[in-house]
Amino acid sequence: MPEPTVVTATGTVVAADYFQSYSVVGLLVVVGALFVAVAFGAGRLLRPVVPTPEKLLTYECGVDPVGEGWAHTQVRYYVYAFLYVIFAVDSIFLFPWATVFAAPGYGAATLVEMFIFLGFLAVGLLYAYKKGVLTWT
């Protein structure tokens, strides 16, 4: 029986050759999973297990734990981190845009797209400013 074939624009490719690349990827995934399993198993078998009351205590930089385990954190720190991430993503998009903007035939379209993108960011920044997120209290 002849092997099934896949016809492409460049010619005919045997399906067995096509799926061979996937078998290599599958083999690498299996080898990686085995490597992780062997590493965790060896760590479990080779580590010393000597539980003591001191080892079961919560450790905080050499200070004995006092009070509850819950700590209150101000939300404003997360908001500043979120704003930083937004503008870091903005800078990530600016570099590819600058390379495409220099290419012939893309100038006007990419300029309009970038101003729309920066407009969305400006609206978000204005919203954060109006809500008082940017004031340090």
**Report entry** Nearest-0.5 Å distance that lies between atom CZ in F115 and atom CZ in F120
**Finding:** 15.0 Å
Requested in this report: Tell me, please, which residues at least two apart from L121 pass side-chain contact (heavy atoms from CB on, under 4.5 Å).
Outcome: I86, D90, F117, L118
Report task. Apply side-chain contact (heavy atoms from CB on, under 4.5 Å) to L126 and list each qualifying residue two or more places apart in sequence or on a separate chain. Result -> K130
